[in-house]
Amino acid sequence: MISSRISGFYRMSLEERLNLVAKERKLNEEEKHLIMNSISFPKDISNSMIENNIGVMPIPLGIATNFKVNGKDKFIPMATEEASVIAAASNMASKAYHLGGFFTSQSGSIMTGQIQVLDITDPYAAATRIYENKSAILELCNSKDPTLVSLGGGAIDIEVRVLKTINQPMLIMHLFVDTQDAMGANAVNTMAEAVAPLIERITSGRVVLKIISNLADRRLVRARAVFSTADLGGEDVVKDIINAYEFANYDPYRATTHNKGIMNGISAVVLATGNDTRAVEAGAHAYASTSGRYRSLTKWEMDQEGNLVGSIELPMAVGVIGGATKSHPIACAVLKIMDIQTAEDLASCIAAVGLAQNLGALRALAAEGIQKGHMALHARNLAIMAGAEGGDVDKITEQAIDEKDVRFDRIMEITQQLLKKN
Ligand code: MEV
């Protein structure tokens with residue numbers, strides 16, 4: 001069992017951090033080398049992943065610490081270009097840690113395929129005929145993926161709706177597929193295409209679109225965590241965190257930024273694991289609108305003891321087999337670092353990060369504002385750019401923050417003065 005609580009992780013060198021994680025999670029030399037030298041990512045792999053490949057666009061990969069998810073400590077790899085994201089998630093996770101960390105649940109691993117049928121004169125009768133043929137439809141779909149079926153998954157049900165559009169009524173059949181540990185787009189799209197001729201015969205219509213829906217509302221993940229008021233800066237701050245959440249829940253302008261902050265964490269883990277960030281993002285934002293208004297993906301309340309309790313619920317279409325999760329060597333190493341075996345485990349960690357990330361932003365906004373934290377990181381980066389090393393970086397950062405003057409020319413001056421003194 002690892003401990004996710006590593007004091008001074010952020011003060012270690014990049015090599016020390018990677019060595020520590022590699023030792024704990026038993027990464028081999030090749031995996032370590034790949035992560036450390038990801039700038040020289042193997043060309044044969046990038047070239048086989050996409051068309052017209054010319055190279056790679058490296059995004060920094062970091063580890064969020066202090067996460068305990070369902071009683072287990074976890075290292076959380078995050079790929080992000082945005083400063084403060086990993087620090088904020090780690091900081092909030094540390095505040096949840098001593099109250100048990102994050103607890104999660106899932107509604108299942110069911111993805112939805114959509115089949116659009118046009119040119120039907122009797123859509124309601126055609127819908128009924130589809131239901132009559134449900135067994136044959138599911139059987140045909142499952143014949144396309146015996147491996148998934150042997151693992152306990154496969155097509156399990158259908159649903160038919162009539163959409164009255166301006167042009168013509170169309171029949172939309174939903175195919176529900178339990179995709180288990182795969183994200184499932186390939187399995188669902190293959191089945192949807194394979195079943196199209198049968199649907200045409202049953203309906204006497206014309207099937208056009210056959211494609212997965214990214215509104216994966218039968219694959220919801222939920223996470224919750226408790227935070228003590230004292231750890232967050234007192235009752236007034238907590239009340240304003242709840243007010244900030246209410247603001248987002250009632251105002252789409254604020255909800256968009258609030259949910260963007262949640263996705264800062266979620267997309268970083270989704271990307272690090274080689275999953276499809278756009279699928280998860282589209283699903284999250286659509287789910288945030290299902291009440292008819294775009295709302296917060298999280299909820300913040302006070303429990304009976306006066307603690308702040310947060311919860312999050314959103315679709316989480318991620319997998320641990322197939323696609324880049326298996327073909328991208330760094331994504332494979334990342335799953336090993338996370339000690340993840342199932343898509344459900346991965347979804348749980350991702351939801352926990354989203355919740356922590358949201359609280360990090362709300363706490364900063366309700367208390368000192370977010371620029372203070374951002375400026376410290378900005379100053380650190382500038383100090384490093386100015387040539388500072390080791391302990392000097394902290395000294396220069398502190399001085400620039402004290403002077404409330406985080407500009408490169410001033411940081412350059414402070415650095416030169418310090419280097420002269422040394
Ligand atoms: C910045 O990337 C994210 C925040 O704007 C999120 C929020 O406002 O809740 C800080």
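Side chains included, hydrogens not; waters and symmetry mates left out as well; all remaining heavy atoms used. Counting starts at 1 for both ligands and their atoms, following the listed order.
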State the atoms of ligand 1, each with its element, that fall below the 4.0 Å cut-off from a heavy-atom position in [X].
X	value
His258	9 (O)
Glu82	1 (C), 2 (O)
Thr257	5 (O), 6 (C), 7 (C), 8 (O), 9 (O)
Leu365	7 (C), 8 (O), 9 (O)

*asked:* Heavy-atom pairs closer than 4.0 Å: do any link ligand 1 to the side chain of Arg254, the backbone, both, or neither?
replied: side chain
*Quick one: does ligand 1 sit under 4.0 Å from the side chain of Asn264, the backbone, both or neither, non-hydrogen atoms only?*
side chain
*Side chain of Gln106, backbone of Ala347: donor and acceptor closer than 3.5 Å?*
no
*Please answer whether the main-chain N or O of Ser296 pairs with a side-chain N or O of Asn249 as donor and acceptor at a distance below 3.5 Å.*
yes
*Taking 4.0 angstrom as the limit, do Asp157 and Lys134 come out as a salt bridge?*
yes
*After noting the C-alpha distance and the side-chain angles of Arg25 and Asp339, does the key distance pass the salt bridge (charged side-chain N to carboxylate O under 4.0 Å, His left out) rule?*
CA-CA 8 Å; Arg25 292 297 313 129; Asp339 193 12; 3.4 Å; yes
_Ring center gap for His328 and Phe41 short of 6.0 angstrom_ = yes
